[in-house]
Amino acid sequence: MSARKIIIDTDPGQDDAVAILTALASPDDLDVLGITAVAGNVPLSLTARNARIVCELAGRTDVPVYAGCDAPLTRKLVTAEHVHGKTGLDGPVLPEPTMTLADGHAVDFIIETLRREEPGTVTLCPLGPLTNIATAFERAPDVAERVQEIVLMGGAYFEVGNITPTAEFNIYVDPEAADIVFKSGAPIIVHPLDVTHKALVTRDRNDAFRALGTPVGTAVAEMTDFFERFDKEKYGSLGAPLHDPCVTAYLLEPELFSGRHINVEIETTSELTRGMTVADWWGVTDRPANAIFIGDLDADGFFALLTERLSRL
Ligand code: BDR
Ligand code: CA
């Protein structure tokens with residue numbers, strides 16, 4: 001079978017970086033057509049920089065990196081330096097990128113790619129706020145139905161929220177964009193905090209990354225060393241949750257994950273619960289299912305997969 005065509009839409013972020021590295025390490029399975037940067041964890045200038053640093057770390061300067069939207073559709077940007085550090089990629093010391101950004105806007109790249117490729121053959125992998133994807137769907141209403149799947153990290157149901165008591169960061173930052181995407185009709189697979197908070201980098205798991213003895217293994221171990229302090233202090237958890245790598249691991253080994261096909265709506269009007277993913281996990285409404293909402297994973301299998309793939313770089 002030929003490699004699955006994907007576009008990674010991202011706001012790196014240490015966990016985004018691990019997700020991107022895993023995809024770039026798997027060219028027989030995943031054909032990364034491009035990486036589109038969006039404002040999120042840190043402002044756009046830094047996410048566009050960090051995406052290129054990650055490509056260079058992987059030795060994949062052939063993958064085009066596009067800069068996209070620098071602010072949510074209607075709201076002021078909220079960032080997460082308190083989690084990811086000033087650069088978004090704090091932890092390892094990595095060189096400034098030498099590869100340049102690809103010409104053009106990320107949203108145009110998304111639209112043009114979906115129009116150029118056969119319908120149903122391109123998967124979108126959003127790892128940050130959904131601003132770029134929603135802008136593409138608004139600007140080009142013909143493209144949503146050409147998407148194979150949208151496999152995204154965002155939202156929460158049982159875990160409720162991380163940036164507010166009721167909202168997960170990616171959805172909270174741009175709830176209007178999330179609302180557009182969840183209503184788009186494209187097949188959606190959601191990796192919420194419910195699953196990503198089970199993908200914890202314990203000491204042994206981080207030692208396994210470090211033991212790869214490669215620049216990639218060392219950088220990933222140092223990124224999680226930095227990133228884990230936040231969740232350890234806040235949740236008393238065993239280590240950093242690798243949120244975004246759930247998306248790329250799902251593309252490689254979907255059988256590691258389980259979830260339900262349910263209705264998911266986005267709260268956009270309440271200030272108190274802004275960005276909440278109202279997930280009908282128990283099927284108590286007759287609202288139509290619009291997403292597969294992942295709830296669990298085989299964590300050991302997940303880390304074995306990541307470690308093996310990263311060893312290829
Ligand atoms: C999500 O928000 C960001 O901080 C992470 O990169 C991840 O995409 C988790 O809520
Ligand atoms: Ca992210």
Side-chain angles (χ1 to χ4, degrees), residues 7-23 35-44 46-51 53-54 65 68-69 72 77-91 106 124-133 150-175 177-178 181 189-201 220 223-224 226-231 233-235 237 239-250 266 274-277 279 293-294:
I7 295 174
I8 302 179
D9 188 69
T10 177
D11 62 338
Q14 294 88 351
D15 61 321
D16 302 69
V18 180
I20 296 167
L21 289 168
T22 309
I35 295 177
T36 52
V38 68
N41 285 324
V42 284
L44 180 69
L46 285 170
T47 61
R49 160 195 181 261
N50 295 347
I53 289 180
V54 174
V65 176
C69 299
L77 178 65
V78 175
T79 52
E81 286 88 354
H82 60 293
V83 183
H84 300 277
K86 229 166 58 177
T87 67
L89 216 50
D90 281 18
L124 303 179
C125 303
L127 309 178
L130 288 157
T131 321
N132 285 343
I133 310 294
I150 300 174
V151 185
L152 67 90
M153 190 281 138
Y157 180 64
F158 294 98
E159 289 286 293
V160 202
N162 59 358
I163 185 79
T164 74
T166 57
E168 180 279 328
F169 179 79
N170 290 342
I171 307 294
Y172 175 80
V173 172
D174 199 345
V181 170
I189 293 123
V190 186
H191 291 265
L193 298 180
D194 305 336
V195 64
T196 69
H197 279 177
K198 295 171 184 157
L200 298 177
V201 189
V220 167
M223 282 184 215
T224 49
F226 179 86
F227 176 51
E228 72 172 9
R229 88 210 178 288
F230 177 78
D231 288 82
E233 278 167 27
K234 179 170 167 192
Y235 297 103
S237 59
L242 283 191
H243 305 284
D244 295 337
C246 286
V247 167
T248 36
Y250 176 86
I266 311 297
R274 158 185 169 183
M276 184 174 189
T277 42
F293 204 77
I294 301 293

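Counting from 1, the numbers follow the sequence of the chain as shown. First listed ligand is number 1; within each ligand, the first listed atom is number 1.
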Below 4.0 angstrom from a heavy atom of L127, which ligand 1 atoms are there? Numbered from 1 as shown, please. 8 (O)

Contacting atoms of ligand 1, where contact means under 4.0 angstrom from a heavy atom of D15: 5 (C), 6 (O), 7 (C), 8 (O)

Hey, does Q14 sit under 4.0 Å from ligand 1 if you only count heavy atoms? no

Student check: side-chain heavy atoms of P165 and V160 closer than 4.5 Å: no

If we only count N/O pairs under 3.5 Å, is D11 in contact with ligand 1? no

Taking C-beta and beyond as the side chain, do L242 and Q14 meet within less than 4.5 Å on heavy atoms? no

Can an N, O or S atom be found in L127 less than 3.0 Å away from the Ca ion (ligand 2)? yes

From the N, O or S atoms in D11, identify the one nearest to the Ca ion (ligand 2). OD1

Closest approach to the Ca ion (ligand 2) by D244, given as the N, O or S atom name: OD2

Starting from atom 8 (O) of ligand 1, what is the nearest protein heavy atom, named by residue and atom, and what distance separates them? D244 OD1, 2.7 Å

Hey, mind stepping through L193 and H243 against side-chain contact (heavy atoms from CB on, under 4.5 Å) and telling me if it holds? CA-CA 7 Å; L193 298 180; H243 305 284; 3.6 Å; yes

For the Ca ion (ligand 2), does an N/O/S atom of D15 lie at less than 3.0 Å? no

Of the non-hydrogen atoms in T87 and L46, which two are nearest, and what is the gap between them? O-CB, 4.0 Å

Under 3.5 Å, is there a donor-acceptor pair linking the side chains of T47 and N50? no

Identify, by atom number and element, the atoms of ligand 1 in contact range of E168, meaning under 4.0 Å from any of its heavy atoms. 1 (C), 2 (O), 9 (C), 10 (O)

Quick check: does any side chain N or O of T248 sit under 3.5 Å from a backbone N or O of A19, one acting as donor and the other as acceptor? yes

Sole residue of D244, I7, I133 in side-chain contact (heavy atoms from CB on, under 4.5 Å) with P126: I133

Given that the side chain starts at C-beta and the backbone is N, CA, C, O, which of these parts of N162 lies under 4.0 Å from ligand 1, counting heavy atoms, or is it both or neither? side chain

the protein heavy atom lying closest to atom 3 (C) of ligand 1 turns out to be N41 OD1, 3.1 Å

Has N170 got a side-chain atom pairing as donor or acceptor with M153's backbone, closer than 3.5 angstrom? yes

